[in-house]
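Sequence lines set the chain letters: A, B, ... in the order given, protein chains first and strands last, and positions in each chain run from 1. In this text the structure is predicted, and so the values were computed from the model without any measurement.
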Amino acid sequence: MPFESLLPKNWDHESEEAPLYAKWEHSGGFQPQGDGEPFAILLPPPNASEAIHIGNAMYTIQDILIRRARMQGKRAFWIPGTDHAGFETQVVFEKKLEKEGKSRFDFDRQGFYDAVMAYTKDNQSTIIAQLKSMGFSLDWSHLYFTLDPKIVDAVKASFKRLHDDGLIYRGERLVNYCTKHQTAFSDLEVEHTETEGLLWKLRYPLTDGSGEIIVATTRPETLFGDTAVAVHPDDTRYSSIVDKMVKLPLTERTIPIIADQMVDPKFGTGAVKITPAHDLHDFEVASRHDLPSIQVIDLRGKLNDNAPEAYRGLKVKPAREQILADLTAQGFLVGSSTHTSSVATCYKCGTVIEPLPIPQWYLKVRDADPAKNLAELGKEAVASGKITVVPERFQTVFLNWMDGLRDWNLSRQVWWGIPIPAWQCAQCHDWTVTAGDTPPRCNQCGSHELTPDPDVFDTWFSSSQLPYAVLEEFGPEFLETFYPHAVMETGHDILTWWVARMIYLGIYLRGEVPFKAVYLHGMITDRQGKKMSKSKFNVIDPLTITAKYGTDALRMALVVGNSPGQSMAMYEEKIRGFRNFSNKIWNAGRFVLTSLEAYAGPSFSEPSEAGQSAVADQLLTSVTEATTEANRLLDQWKIGQAGEFLYDYFWHTFCDRFLEELKPALQGSDTAAQQALGYSLAQLLKLLHPYVPYVTEALWQHLRQLDPQLSELIMVADWPTT
RNA sequence: GGGCAAUUAGCUCAGUUGGUUAGAGCGCUGCAUUCACAUUGCAGAGGUCACUGGUUCGAACCCAGUAUUGCCCACCA
């Protein structure tokens with residue numbers, strides 16, 4: 001059949017893409033094949049309960065890496081999965097409930113969990129379909145979900161092991177607590193925002209009647225939790241009254257004046273009230289001076305029974321107003337001044353974080369024993385080059401981060417997630433940790449009165465174990481073969497949340513780095529360089545784009561003109577340009593196909609002998625050079641540059657120059673020139689295939705009709721080398 | 001307060017580690033249509049490479065500093 005009538009003038013992505021994907025998937029080529037070098041990439045799991053967003057479209061980089069590896073004959077294994085995204089999903093789900101006039105408290109705990117599970121599973125099929133439509137060559141026969149029983153078991157077993165090794169402990173300290181979401185957070189989940197506030201000066205009279213001390217505070221409502229007033233040891237203004245007692249306003253309680261280095265004599269009045277239960281500094285001062293701690297704010301952000309009756313049950317803000325009014329009335333308020341400070345807020349809802357004394361499970365990141373020093377183990381892996389970081393500058397970011405690493409709070413007061421396998425004894429209050437099974441008795445005193453910890457793990461604790469937990473889920477031979485993974489490709493924004501934790505947990509728990517390289521891409525922004533967010537109405541939905549311009553166009557637009565770690569603007573005109581490129585490839589292919597319709601020469605899979613045409617010879621040389629250049633860039637992780645190079649080469653050298661110059665040869669019977677042309681096209685399609693898989697595969701299928709020796713799919717064709 | 005990045009054409013950005021006249025896409029100007037592709041081709045205009053010094057035979061690139069923007073980290077009550 002003549003190609004001319006067979007092939008439409010324009011690349012028809014709409015009708016071509018889905019059948020091609022089905023063909024790939026059914027071929028089994030997405031699964032690791034043969035016995036080449038193992039090359040695994042774990043898909044950073046998208047949130048199962050959300051639709052795909054433009055950030056997920058950046059998985060294109062992984063697809064490019066995996067498709068090239070596959071063509072290079074490696075055992076390419078790209079592992080798909082979805083994330084239960086504990087807290088994130090619970091927030092979304094609760095918002096949905098709120099719209100229905102319900103809350104999670106309308107469910108019992110299991111009922112709620114089941115409802116979220118159903119909701120999540122429901123959405124999961126949507127996101128899988130969306131990932132497929134992006135052309136991603138993921139091995140769907142090995143799909144994981146972060147709450148798969150085996151993964152859950154692995155996470156609990158790790159917790160037990162870390163606990164037994166002394167790296168997990170029950171920390172009695174202040175935690176970052178969001179009173180709206182009713183859960184604690186790690187330091188990472190707290191955002192600091194500059195806020196203009198007031199600094200009040202309060203008069204605390206000395207009990208011996210010899211005077212008073214004026215303290216400066218931004219939080220007068222915590223006054224009932226004060227257990228001391230602190231001044232700097234060298235501050236001569238106060239040296240004579242250190243160790244004297246003062247009477248706490250609005251109460252009958254007396255507290256001491258103490259001296260501590262922490263106090264900045266130049267700030268405020270040089271005297272600060274110490275509220276160990278509600279301030280991180282004060283907590284430390286209290287532990288140095290052995291001061292008691294009195295909690296006056298409860299988990300809902302209201303004053304509790306430790307406050308005088310008049311204030312109990314008031315939320316922080318009204319309580320503050322009431323207390324200030326009373327202090328003023330009784331002459332304790334000396335004055336106030338404006339004051340800018342950075343206030344800790346919940347990264348999700350913006351509620352001011354309340355530091356509260358709640359015991360939680362912590363992972364100890366430093367230890368005197370080098371074999372247990374997680375922070376140093378992680379550092380060493382990167383510093384020594386066992387893990388390559390791309391771009392390089394993030395290596396410094398990583399190392400600096402590890403230097404400042406602090407113990408990690410693993411507990412979340414959330415219902416959706418993996419329950420922490422710990423039980424508290426009603427008798428001795430000690431904790432018994434297992435790998436999941438309910439313990440028969442308390443490890444400490446043998447009592448049978450055990451209560452399970454109601455908390456769940458921080459999602460990142462489980463996701464940080466995915467590199468091995470997922471492989472183990474598939475079977476021990478997978479861990480054996482594919483660990484460590486070839487590369488972890490993700491956004492630079494989660495270097496600290498996720499990548500760092502995967503590294504040190506992988507090294508400690510499995511004795512080897514989880515991946516050999518980390519590739520960090522930048523964030524996608526709108527044309528003005530602003531972050532995309534639903535509330536700004538500047539989001540680009542990847543599926544709308546692919547429907548309009550084709551998947552290949554979006555894929556090119558995402559990687560070309562971008563370098564790792566650098567944020568990148570995305571807008572429609574840019575994508576349109578790459579739609580034109582898809583079409584250019586299509587038409588170049590169409591032209592070659594129609595020109596060679598009657599071709600009966602040697603296969604296109606090998607370069608021809610020296611041809612009769614000088615132009616054909618130049619073409620072969622040129623394609624060889626282009627192949628070298630593309631490989632050189634790709635070997636240096638320069639995916640964007642390689643893409644741009646191939647774009648430019650194909651369009652302006654192959655098409656504009658060689659196709660034009662070879663037109664005369666195609667009219668005649670210069671078989672050598674024709675073979676050179678067919679060969680060159682095949683090579684270029686292969687080089688382009690990881691970037692624009694659909695249009696290249698579509699053409700390849702037609703090219704095979706001229707040359708049955710070509711592989712069945714370009715997806716598994718031999719990668720061009722020189 | 002500390003750290004990291006960015007600053008190159010009207011716009012969005014590359015620039016392969018110091019080497020001729022600094023590149024691309026979009027936009028703009030002019031020309032071309034029975035030609036694989038107008039989702040095209042050819043030609044062209046457009047840049048003091050943020051600024052100031054320094055190193056060098058030679059700097060967009062290296063060094064020191066300045067400015068602006070963005071991001072990350074940080075417990076000043």
Give a yes/no answer on whether the side chain of [X] brings an N or O atom under 4.0 Å of OP1 or OP2 in [N].
| X | N | answer |
| --- | --- | --- |
| N400(A) | rC73(B) | no |
| R406(A) | rA74(B) | yes |
| H492(A) | rC71(B) | no |
| H652(A) | rG25(B) | yes |
| K584(A) | rG41(B) | yes |

Please determine, for the side chain of [X], which listed nucleotide ([options]) has the closest atom?
| X | options | answer |
| --- | --- | --- |
| N587(A) | rA77(B), rA24(B), rC37(B) | rC37(B) |
| K574(A) | rU12(B), rU39(B), rA77(B) | rU12(B) |
| N583(A) | rC37(B), rU40(B), rA77(B) | rC37(B) |
| K9(A) | rA24(B), rA77(B), rA38(B) | rA38(B) |
| Q641(A) | rC73(B), rA14(B), rA77(B) | rA14(B) |
| A216(A) | rA77(B), rC37(B), rG3(B) | rA77(B) |
| N580(A) | rU12(B), rU40(B), rC76(B) | rU40(B) |
| N10(A) | rC4(B), rU39(B), rA77(B) | rU39(B) |
| E660(A) | rA36(B), rG15(B), rU40(B) | rA36(B) |
| R590(A) | rA36(B), rA74(B), rA14(B) | rA36(B) |

Checking all strands, does [X] fall into the base, sugar-phosphate, or nothing category for heavy-atom contacts under 4.0 angstrom?
| X | value |
| --- | --- |
| R393(A) | sugar-phosphate |
| D656(A) | sugar-phosphate |
| E629(A) | base |
| K273(A) | nothing |
| R657(A) | nothing |
| V592(A) | nothing |

Aromatic centroids of [Y] and [X] separated by under 6.0 Å:
| X | Y | value |
| --- | --- | --- |
| H13(A) | Y694(A) | no |
| F398(A) | H492(A) | no |
| F658(A) | F654(A) | no |

Open item on the list: Only Watson-Crick and G-U wobble pairs, only distances under 3.5 Å, only runs of 3 or more: what stems does that leave for RNA chain B?
Closed with: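 Only these stems qualify: B:1-7 with B:67-73, B:10-13 with B:23-26, B:28-32 with B:40-44, B:50-54 with B:62-66.
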Open item on the list: Parallel, tilted or perpendicular: which one describes the rings of F578(A) and F581(A), with boundaries at 30° and 60°?
Closed with: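 F578(A) vs F581(A) ring planes: perpendicular.
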- [ ] Using the ring of F224(A) (Phe, Tyr or Trp, six-membered ring only), decide whether R253(A) places NZ or CZ under 6.0 Å from its centre and within 45 degrees of its axis.
- [x]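 Output no; distance or angle outside limits.
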Distance-only donor-acceptor pairs under 3.5 Å for side chains of residues 270-280 of chain A, two or more places apart:
{"residue": "K273(A)", "atom": "NZ", "partner": "T222(A)", "partner atom": "OG1", "Å": "2.8"}
{"residue": "K273(A)", "atom": "NZ", "partner": "D226(A)", "partner atom": "OD1", "Å": "2.7"}
{"residue": "K273(A)", "atom": "NZ", "partner": "T275(A)", "partner atom": "OG1", "Å": "3.1"}
{"residue": "T275(A)", "atom": "OG1", "partner": "D226(A)", "partner atom": "OD1", "Å": "2.8"}
{"residue": "H278(A)", "atom": "ND1", "partner": "P355(A)", "partner atom": "O", "Å": "3.4"}
{"residue": "H278(A)", "atom": "NE2", "partner": "V296(A)", "partner atom": "N", "Å": "2.9"}
{"residue": "H278(A)", "atom": "NE2", "partner": "I297(A)", "partner atom": "N", "Å": "3.3"}
{"residue": "D279(A)", "atom": "OD1", "partner": "H281(A)", "partner atom": "N", "Å": "2.8"}
{"residue": "D279(A)", "atom": "OD1", "partner": "D282(A)", "partner atom": "N", "Å": "3.1"}

Task: S680(A): which of L662(A), L619(A), L659(A) passes side chain to side chain contact (heavy atoms under 4.5 Å, CB included) - done: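 For S680(A), the side chain to side chain contact (heavy atoms under 4.5 Å, CB included) check succeeds only for L619(A).
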Open item on the list: Rounded to whole Å, how long is the line connecting atom CE of M402(A) with atom P of rC4(B)?
Closed with: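 From M402(A) CE to rC4(B) P: 19 Å.
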Open item on the list: With a 3.5 Å distance limit and no angle check, can you tell me whether D707(A) reaches the backbone of F604(A) through a side-chain donor-acceptor pair?
Closed with: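 Looks like yes, one N/O pair under 3.5 Å.
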Task: Contact nearer the 5' end of RNA chain B, comparing D282(A) with V397(A) - done: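 Here V397(A) is the residue nearer the 5' end.
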